[in-house]
Trainee: 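Structure below; questions to follow.
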There are 2 protein chains.
Amino acid sequence: MTAPMKPGQRVLFALRKMIVSGEIPDGARIAEIATAERFGVSRMPVRTALRTLEQEGLVAKLGRRGYAARGVTPAQIDDAIEVRGVLEGLAVRLIASRPIAPGFARKLKAVLAEGDALFAGDGFAPEHVDRFYSYNLAFHDLLLDASGNRAIGVALARNNHLPLASAAALALDWDDLANAREHLKAAHEEHLAVADAMLSGRADDAEQRMRRHARAALNPGVMPLVGPV
Amino acid sequence: MTAPMKPGQRVLFALRKMIVSGEIPDGARIAEIATAERFGVSRMPVRTALRTLEQEGLVAKLGRRGYAARGVTPAQIDDAIEVRGVLEGLAVRLIASRPIAPGFARKLKAVLAEGDALFAGDGFAPEHVDRFYSYNLAFHDLLLDASGNRAIGVALARNNHLPLASAAALALDWDDLANAREHLKAAHEEHLAVADAMLSGRADDAEQRMRRHARAALNPGVMPLVGPV
DNA sequence: ATGCTCGTTATTGGATCCAATAATGCAGTT
DNA sequence: AACTGCATTATTGGATCCAATAACGAGCAT
């Protein structure tokens, strides 16, 4: 699928991927002209892409000498995951410390029911992973929305650009679907526990569980399923 | 001081100010051409500025109809302050839960000594406010740096663009310097308490105190001292 | 009279061109 | 031979021009 993507988006995604993958090594200078020629586009999309990447922290401005790539180390991903846990923890804390809106409770139950259905049987196919992906995303989005604090989502926006740092990134072993099922089932049970804590008004508990949930998302040495970043 | 600022920066700052001040009302459409003509510049600086403001959450893209301003409500500022508290709370938690580096302890004591010196006497002049501003900034920057987690600083970058949401924004009553002194002295004592908790390895305590410290920064109905945003 | 379609127009995104600026290399001098 | 000053050049930021696209309105047909 050679998607006829617009030049701007294409350059942005390509540069982002090249930086996080290490194809552009840490500290390498990125010049507008050279990059533009490399992609066969004008300097303009490169410029806007570099501005965006600067906001995301993936490149650093170098005075008049252009930009420099900032390599993404595993430690930085860990850092971003920790930040995500803290921010999502704040979201659930806010929800739990206020009266639960009926609409929210209903939507939450509906989302969790998707997860329940996923693990009702014993089987697990790649298709289930896709469904979990949707369910997982819906769960986290719902919490972010229900928190009523838009600043959380704004602050989180950057982390989602780092691989494995967003809630949409599932780390699992594709060669061992049974193991993957256990992994995702554990995540679903953490969701249930967080939901229970929220609905019971146990704000501290909900926050703690959400933080641990974020940290548990990263397993070393597994294949990531990356969604739209 | 009609600073001969570059067009890009000028447009960015002006638009940001107009949005947060409400001069551009919430939901108002911002078209590139009209804005460019209004500032007497090309469309290019407006474009880059709008991109940046979009990243900051101050404008929202509106499909093909340009951008729309997102008014900043007091509730949103509260939200941002809460996010700041959580993120800075994470920073001090990380510091407290690791062995304290000797260099950090030394720098921390040096910074806190500035605060001690400020409140050693009884007097308080506007000049003291400036000194507190520097001291306060140094304290928060030091924590961010010592946390070793760059993602925190990246996530915090946006909040600093909202008035009163950054740690560099002091809210105090200029007409009542004695009251201001008490206000800032209380902040300094919170710093001391956080520092003590960190150096003693009381991670939970340090985090809780930092969160409260952030929330205490906002007083209703006072004049803000806004620093460089 | 109303709904559909086609043409016009307004607006964004991209490309090319121009100006300003700082880094670099060369030459001249001490 | 080394240092300093100047000129050249490379590179970013801004302005203008062009293309694509979608909203809007008018006109026609039913």
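Here is how names work: the chains are called A, B, and so on, in the same order as the sequence lines, proteins then strands, and each is numbered from 1.
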Trainee: Can you pull every protein N or O that's under 3.5 Å from an N or O on nucleotides 6-9 of chain C?
Mentor:
none

Trainee: Is atom CZ of A:Arg131 surrounded by more than 12 heavy atoms (other residues, nucleotides or ligands) closer than 6.0 Å?
Mentor: yes
Trainee: Parallel, tilted or perpendicular, judged at 30° and 60°: which one describes the rings of A:Phe132 and A:His191?
Mentor: parallel
Trainee: Has B:Arg98 got a side-chain atom pairing as donor or acceptor with B:Ser147's backbone, closer than 3.5 angstrom?
Mentor: yes
Trainee: Does A:Arg51 have any side-chain hydrogen bond (donor to acceptor under 3.5 Å, both in side chains) partners at least two apart in sequence or in another chain, and if so, which?
Mentor: none
Trainee: Has the side chain of A:Arg10 got a donor or acceptor atom that lies under 3.5 Å from a matching backbone atom of A:Phe39?
Mentor: yes
Trainee: Give a yes or no on whether the backbone of B:Gly27 and the side-chain of B:Arg29 come within a donor-acceptor separation of less than 3.5 Å.
Mentor: yes
Trainee: Quick one: sort the B:His140 and B:His213 rings into parallel, tilted or perpendicular, breaks at 30° and 60°.
Mentor: parallel
Trainee: Sugar-phosphate means primed atoms, P, OP1 and OP2; the rest is base. With that split, encode nucleotides 11-26 of chain C 5' to 3' as B, S or - using protein heavy atoms under 4.0 Å.
Mentor: -BBBBB----S-S---
